[in-house]
Amino acid sequence: KVKVRLIGILAEETGVKELEIEVKNLQELLNKLRNRISGADKIFEGSRPRSYISIMINGAMVDISSNNQYDNIVLNDHDLVELVPIAGGG
């Protein structure tokens with residue numbers, strides 16, 4: 001299983017801080033999150049994460065700006081995936 005953490009306002013707005021999901025790749029994880037979390041519209045715009053959300057796997061940032069090939073990003077048991085809102089303000 002993969003551990004998923006929603007950080008900051010994402011956890012507050014969805015009511016979910018952490019969960020574990022059995023998946024094989026990042027695309028499958030994103031699909032399951034969209035269906036499992038109420039308030040998923042705070043995280044997703046259609047099938048993609050919103051532009052202000054960064055994805056980290058085991059502490060490494062995932063490049064989500066390129067051609068949406070999340071199914072090529074393999075996830076393994078005990079991986080940690082964090083969805084982090086990009087800080088804004090000024």
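Just the heavy atoms: all of them, side chains too, but no hydrogens, waters or symmetry mates, feed the values below.
- Using a 4.5 Å heavy-atom threshold, the side chains of Tyr70 and Pro49 count as touching.
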### Query
When you look at Leu6 and Ile43, which way does the side chain to side chain contact (heavy atoms under 4.5 Å, CB included) test go after all the steps?
CA-CA 10 Å; Leu6 303 182; Ile43 300 171; 4.1 Å; yes
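- When hydrophobic side chains of Ile, Leu, Val, Met, Phe, Trp and Tyr are connected at separations under 4.5 Å, Val84 ends up clustered with Ile7, Met56, Met61.
- Of all heavy-atom pairs spanning Ile86 and Ser51, the tightest one is CD1-O, 3.8 Å.
- Atom CD of Glu22 is separated from atom CG of Leu29 by 12.0 Å, given to the nearest 0.5 angstrom.
- Residues passing the side chain to side chain contact (heavy atoms under 4.5 Å, CB included) test with Asn76 are Val74, Asp79, sequence neighbours excluded.
- Between Val2 and Ile57, the closest side-chain pair of non-hydrogen atoms is not below 4.5 Å.
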### Message
Run Ile55 and Leu30 through side chain to side chain contact (heavy atoms under 4.5 Å, CB included) and show every step you take.
### Response
CA-CA 11 Å; Ile55 299 175; Leu30 295 174; 4.3 Å; yes
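- With sequence neighbours excluded, the residues forming a side chain to side chain donor-acceptor pair (under 3.5 Å) with Asn72 are Gln69, listed by chain and number.
- Linking Ile, Leu, Val, Met, Phe, Trp and Tyr whenever their side-chain heavy atoms come within less than 4.5 Å puts Tyr52 and Val4 in one cluster.
- Within the structure, every pair that satisfies the salt bridge (Lys or Arg N to Asp or Glu O under 4.0 Å) test and touches residues 25-36, not counting sequence neighbours, is listed here: Glu28-Lys32.
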### Task
For the pair Leu26 and Asp71, evaluate side chain to side chain contact (heavy atoms under 4.5 Å, CB included) and give the outcome as yes or no after the intermediate values.
CA-CA 6 Å; Leu26 185 56; Asp71 54 342; over 6 Å; no
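- When the side chain to side chain donor-acceptor pair (under 3.5 Å) test is applied to Asn25, no partner is found at least two apart in sequence or on another chain.
- A heavy-atom distance below 4.5 Å is not found between the side chains of Phe44 and Ile53.
- Within the 4.5 Å cutoff, the side chain of Leu33 has heavy atoms near those of the Leu83 side chain.
- For residues 10-19, the salt bridge (Lys or Arg N to Asp or Glu O under 4.0 Å) pairs, not counting sequence neighbours, are Lys3-Glu18, Arg5-Glu18.
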